[in-house]
Every structure is written in C-alpha cells, then in structure tokens.
Amino acid sequence: MTIVISKKRRTAGIRPQVEEMSGVKLDTCYQCRKCSAGCPVAGPAGSAPSEIIRRLHLGAGDELLQSGLVWMCLSCETCYGRCPMQINFPAVIDTLRSLSIAKGIKAPKGDMPLFNRMFLQNVKIFGRSYDLSMIMGYKLGSGKIMDDAEKFPAMLGKGKMAILPPSGADKKTVRRIFENTAGVKSKTK
C-alpha cells in the first residue's frame, strides 16, 4: 500500500506522540525486517510492520492513520517475539488506533473497527477472549448474522470454541488495565 509522505514537510509527524503514548522508542529499530518476515497480514495488507515504523521515522502523520493499515494488524505479537530490539509493535498499533479514533478519522471500509471493539469489550467483561460472545456481538453489529454459520457445529465438535465463558481469569487486574488505559486516552484528547 502506497502512502505519500510530503518531502516539504520537515516535522516529526505523529512519531513523538506515538512514542510517548506507547512507551516504545522507535529509534531502536534498525530495519532488520524480522518482524515483517513473520507477519501473517503483511501480504494482504500490502505493508509490513517494518514499513510502518519506517514511515513513522520519515514523519508520517494523518496519512498513515487514514490509510487503514492500522486496522489490519491481528495483534498476534509475532513481530514482537521476533524483534531483536524488543520493539513492541502491537503497542504501536494500539496507539495508532487510539490516535485515529481520537482524531475522528473515518473508519476504513469493512468491519475491522467493529471486530476490534468487540474483542476488547469481551476481554474487559470476561478477563479473556470469549469467542462465542465476541462472534455474536460482531455478527449483530455487522448485520452478517448467518455468514459462516455452517462452520459453528464443526468448531464446537473439534473443541475450537467453548460454549461457556472462560474461567480463572484475573478480572480485577484486567479491569485495572482498562481503567489505566482509559486514563492515558483522556490525557491525549
């Protein structure tokens, strides 16, 4: 995916804000691209994690937030696990998503923001991801209630999805994380 960054602009773009909010120092990235080699969505997205970091180095601003790339990440943390400099790229993506929402940038086509919101709501409620509840919320929100419904019995039969919510999660800690995150977001507005 091509994003044009104007050469005339000599500002740092949103990089300082991203570094402050995420707690990640992007200067430590030396573009080895190990993150990109393991990224499962780099191909379909048309841009790899190392490219997004490079764009931030070059002074990308709202054009990066408007590109929709920030909504493509699965937060699988493969990039973070492979990074020799321990750059927490999922934290960078979460920050970019927060900035996108705070700036009122129009959501990209598709239901990625809805999926992201449903996932976070489920983690907030249950302390862990509860697939059945998340899928129900997503399908009701997207209006695609019967899409892929034929796969549900097979997933239940193979134990890929539980009917009951997860137990054993430290809901108090998770609730505190969400409260702390909400405090950070209110400081950015």
Side-chain angles (χ1 to χ4, degrees), residues 18-24 34-45 48-49 52 68-102 107-189:
V18 169
E19 288 183 330
E20 182 183 338
M21 290 173 64
S22 66
V24 175
K34 287 186 177 182
C35 57
S36 303
C39 179
V41 295
I52 292 173
L69 284 174
V70 297
W71 298 102
M72 300 289 281
C73 176
L74 299 174
S75 298
C76 67
E77 299 192 0
T78 302
C79 51
Y80 187 29
R82 301 181 106 198
C83 180
M85 301 307 290
Q86 296 294 302
I87 296 173
N88 189 348
F89 188 72
V92 171
I93 285 294
D94 286 344
T95 301
L96 291 172
R97 288 176 179 165
S98 294
L99 286 174
S100 180
I101 291 169
K109 289 182 179 179
D111 299 322
M112 290 179 285
L114 173 65
F115 182 85
N116 189 48
R117 195 171 55 249
M118 289 296 112
F119 175 78
L120 290 174
Q121 282 181 353
N122 270 273
V123 171
K124 187 176 183 179
I125 293 169
F126 299 105
R128 292 183 182 174
S129 175
Y130 176 32
D131 296 340
L132 186 59
S133 173
M134 185 177 75
I135 290 170
M136 288 172 48
Y138 173 77
K139 288 195 173 284
L140 288 173
S142 67
K144 300 174 185 173
I145 296 171
M146 294 308 291
D147 282 6
D148 301 323
E150 73 280 358
K151 296 175 183 168
F152 183 67
M155 291 181 76
L156 279 178
K158 292 181 179 180
K160 300 291 183 187
M161 185 180 302
I163 292 180
L164 298 175
S167 61
D170 186 359
K171 293 179 184 177
K172 187 177 177 181
T173 301
V174 172
R175 195 174 310 121
R176 191 177 67 232
I177 291 169
F178 274 93
E179 289 168 1
N180 289 343
T181 304
V184 171
K185 283 183 181 177
S186 66
K187 288 179 185 176
T188 61
K189 290 182 180 180

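These figures come from a predicted structure and were not determined experimentally. We use all heavy atoms of the structure for the numbers below, so side chains are in, but hydrogens, waters and symmetry mates are not.
- Across Leu114 and Ser142, no two heavy atoms sit closer than the pair CD2-N, 3.4 Å.
- Interatomic distance, CD of Glu179 versus NZ of Lys124, reported as 8.0 Å (0.5 Å rounding).
- For the ring pair (Phe, Tyr, Trp, His ring centres under 6.0 Å) condition, no pair includes a residue of residues 76-97, sequence neighbours left out.
- Phe178 has its side chain within reach of Val123: a pair of non-hydrogen atoms, C-beta onward, lies under 4.5 Å apart.
- Residues that satisfy the side chain to side chain contact (heavy atoms under 4.5 Å, CB included) test with Gln121, not counting sequence neighbours, are Arg117, Met118.
- Residues Ser98 and Met21 come closest through the heavy atom pair CB-CE, 4.3 Å.
- Listed by first then second residue, pairs satisfying salt bridge (charged side-chain N to carboxylate O under 4.0 Å, His left out) with a partner in residues 132-144 read Asp111-Lys144, not counting sequence neighbours.
- Within the structure, the side chain to side chain donor-acceptor pair (under 3.5 Å) test picks out no pair touching residues 81-94 (sequence neighbours left out).
- When all heavy atoms of Val174 and Gly127 are compared, the pair lying nearest together is CG2-O, 3.6 Å.
- In this structure the side chain of Ile52 reaches within 4.5 angstrom of the side chain of Leu96, judged on heavy atoms.
- Every residue two or more places apart in sequence or in another chain that forms a side-chain hydrogen bond (donor to acceptor under 3.5 Å, both in side chains) with Ser133 is listed here: Asn122.
- Pairs engaging residues 146-170 under the ring pair (Phe, Tyr, Trp, His ring centres under 6.0 Å) rule: none recorded [sequence neighbours left out].
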Please set out all donor-acceptor pairs under 3.5 angstrom arising from side-chain atoms of residues 160-170, sequence neighbours excluded.
from: Asp170; atom 1: OD1; to: Thr173; atom 2: N; distance (Å): 3.4
from: Asp170; atom 1: OD1; to: Thr173; atom 2: OG1; distance (Å): 3.3
from: Asp170; atom 1: OD2; to: Thr173; atom 2: OG1; distance (Å): 2.4

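- Taking the ring pair (Phe, Tyr, Trp, His ring centres under 6.0 Å) definition, one finds that Phe115 meets it with Tyr138, sequence neighbours left out.
- Scanning for side-chain hydrogen bond (donor to acceptor under 3.5 Å, both in side chains) contacts around Ser75 gives an empty result, with sequence neighbours left out.
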Expected list for residues 34-41: side-chain donor-acceptor pairs under 3.5 angstrom, two or more places apart:
from: Ser36; atom 1: OG; to: Ser50; atom 2: N; distance (Å): 3.2
from: Ser36; atom 1: OG; to: Ser50; atom 2: OG; distance (Å): 2.7

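- Contacts of Asp147 classified as salt bridge (charged side-chain N to carboxylate O under 4.0 Å, His left out), with partners at least two apart in sequence or in another chain: none.
- Scanning both residues, Val24 and Ala91, for their nearest heavy atoms gives CG2-CB, 4.2 Å.
- The structure places CZ of Arg175 at 13.0 Å from CG of Asn180, a figure rounded to the nearest 0.5 Å.
- The two atoms that bring Ile93 and Val70 nearest to each other are CG2-O, 3.5 Å, heavy atoms only.
- Here the closest non-hydrogen pair linking Asp131 and Ser129 is OD1-OG, 3.3 Å.
- Rounding to the nearest 0.5 Å places CD1 of Ile145 at 10.0 Å from CE of Met136.
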